[in-house]
Amino acid sequence: MIKREKIKNLLDTTEFNREVTVMGWVRTFRNNQFIALNDGSCMGNVQIVVDFNNTPEELLKRITTGAAIAVQGTVVESLGKGQKIDIKASSIEILGDSDPEKFPLQPKKHSLEFLREIAHLRFRTNTFNAVFKVRHALAFAIHQFYNERGFVYMHTPIITASDAEGAGEMFKVTTLDFDNTPRTEDGQVDYSEDFFARPTNLTVSGQLEGELAAMAFGQIYTFGPTFRAENSNTTRHLAEFWMVEPEVAFADLEDNMTLAEDMLKYVISYALENCKDELEFLNNRLLEEEKSKPQNERSELSLLEKLNFCLGNDFERLTYTQAIAILKSSKPNQKKQFKYLIDEWGADLQSEHERYLVEKHFKKPVILTDYPADIKSFYMRQNEPDEQGRKTVAAMDILFPGIGEIIGGSQREERLDKLTQRMEDLNIPQEELWWFLDTRRFGTAPHSGFGLGFERLTLFVTGMTNIRDVIAFPRFPNNAEF
RNA sequence: UCCCGAGUAGCUCAGCUGGUUAGAGCAUCUGACUGUUAAUCAGAGGGUCACUGGUUCGAGCCCAGUCUCGGGAGCCA
């Protein structure tokens, strides 16, 4: 194919009167004369000027919104006001027609709900161009962050045999014939006939395998798809999402929090530097959207202000116990405005409480630590009971404004006796996790890690509000289209 | 899964107390115009009122069920 010039490079060129070829998709065709052409290299369009008097009617008719075209022409200074350069077309070739009666995208604002229904085409909008450029930058920055620090990127299995991780409902993986399921003598499904000769599921976390690697390499991270078969219908849950899970040996909870905070700041600042146009666009998009909201529902900070604020301030670190004290004496609790009133130590925090802490009380990201043992997972390190005998674990959750929990992590219980006792209490079969327990049998060491919800991070950085809009083809209950 | 709300043209939405032939803007098509910026002007086409059943002389509107979507909650990343 003829070498094409990327529109991104063309838009700030100063070399005029040269011949170029551009290829892209028509956004609009105005006045039978001006094509707004986009090739995905940036959000902006280049304006193609067509000499309609010397262009066949047949060709002009085929220049429609959505059509793919190749244009040869001369770069000239634009006579119009909206752009610096034009391309005066000398020849136009239609690469792919787009029937204007059927192409659903119009040169106007579409609702995000509508675009979600045409997720295969929504990439062709400015908003989604920006969102997925930012998503890419964040993913890249995560690898760069860990690589710079000497972490090893581990690919942990997607298919797992243990269902003991306790991180929610799992998707079953099987090749058994549902219409003719092999049964054992007592009528149970006979998994010895299945592909792996045992029940298997899609992974809900790479953490346990990550710990194994951390106990050899010292510091590792995983970044891969994660599956939860929960019937969750919210703006921040997906059945298939991407999770970043670092695991570090010889690190305590304090180190863990510092790593998490450093990582978040690093990737946000990377996005700010490398996605200036995209974030500015998303910033303005949000401002426009806020205009239609009542004053009291508008956010105090714009998207860019919010991101910069996040970089310039330490995250607030406090214990669960301290959080309960704040919540207990808070206005909404005193005035009984919380749906779930804070009364006793030990209750799990509801999202209204998290929101209060993050959005009203501290007005910045918050790291909550040392939760009651009863509401956290078996593998978290058990703290010494406090003077009142209350048991906590070395857990940490990072809460972000508008998103809630973006990171969940802990120092891990490295003491075999404590770990197995806890597993026994929670009826977690130890035989299945023999390999996990082996790390505590052979050269156990203090270690810590966390899980970052990658889409939740992307939500925060793009300012989008529905998690289904920051992943290309979202998977959620009743939906696996595309 | 639970609690609210919504589903009317390709899109965004109006549709009164149940009453004649269901409307607008944008998009599309036709024509005009031709340095436009979501071009403009004139005209035209376009509807299983989500689906199923019910009440009624009569249902887009009322009732029941189902489906889908949105917001909130739970589960969590």
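By convention in this document, chain letters (A, B, ...) are assigned in the order of the sequence lines, proteins followed by strands, and residues within each chain are numbered from 1. Both backbone and side-chain heavy atoms feed into the values below; hydrogens, waters and symmetry mates do not.
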With under 30° as parallel and over 60° as perpendicular, where do the rings of Y153(A) and H155(A) fit, or are they tilted in between?
perpendicular

Phosphate OP1/OP2 of A77(B): any T226(A) side-chain N/O under 4.0 Å:
no

Donor-acceptor pair, distance only, cut-off 3.5 Å: does the side chain of E352(A) make one with the backbone of Y340(A)?
yes

For T74(A), which of E19(A), K88(A), R18(A) qualifies under side-chain hydrogen bond (donor to acceptor under 3.5 Å, both in side chains)?
E19(A)

First of N466(A) and P104(A) reached from the 5' end of RNA chain B, by closest nucleotide:
P104(A)

Which nucleotides of RNA chain B pair, in dot-bracket form (Watson-Crick or G-U under 3.5 Å, | meaning another strand)
(((((((..((((.....[...)))).(((((.......))))).....(((((..]....))))))))))))....

Decide, yes or no, whether a salt bridge links E254(A) with R317(A) under the criterion of side-chain N to carboxylate O below 4.0 Å.
yes

Determine, for K391(A) against D374(A), whether the closest basic-nitrogen to carboxylate-oxygen distance falls under 4.0 angstrom.
no

Is there a donor N/O on one and an acceptor N/O on the other, under 3.5 Å, for the side chain of R456(A) and the base of C76(B)?
yes

Are Q350(A) and G74(B) close enough that a side-chain N or O sits under 4.0 Å from OP1 or OP2?
yes

What string of B, S and - do you get for nucleotides 31-52 of chain B, 5' to 3', when a contact is any protein heavy atom under 4.0 Å?
---BBBBBB-------------

Does either side chain, that of N126(A) or that of R27(A), offer a donor lying less than 3.5 Å from an acceptor on the other one?
yes

Determine: side-chain N/O of T235(A) to OP1/OP2 of G70(B), distance under 4.0 Å, yes or no.
no

Base, sugar-phosphate, or nothing: which does N233(A) touch, judged by heavy atoms less than 4.0 Å apart?
base

Nucleotide nearest N231(A) (side chain, heavy atoms from C-beta), chosen from G74(B), U1(B), G72(B):
U1(B)

Taking 4.0 Å as the cut-off, does a side-chain nitrogen or oxygen of R228(A) come that near to OP1 or OP2 on G74(B)?
no

What does I406(A) touch in the nucleic acid at a heavy-atom separation under 4.0 angstrom: a base, only the sugar-phosphate, or nothing?
sugar-phosphate

Ignoring hydrogens and angles, state whether a donor on the side chain of Q207(A) or Y379(A) is under 3.5 Å from an acceptor on the partner side chain.
yes

R285(A)/E289(A) ion pair, N-O < 4.0 Å
yes

Stretch residues 115-134 of chain A: residues that reach within less than 4.0 Å of RNA chain B through a heavy atom:
R116(A)

Is F454(A) stacked against the base of A77(B), taking the criterion as centroid distance under 5.5 angstrom and interplanar angle under 30°?
no

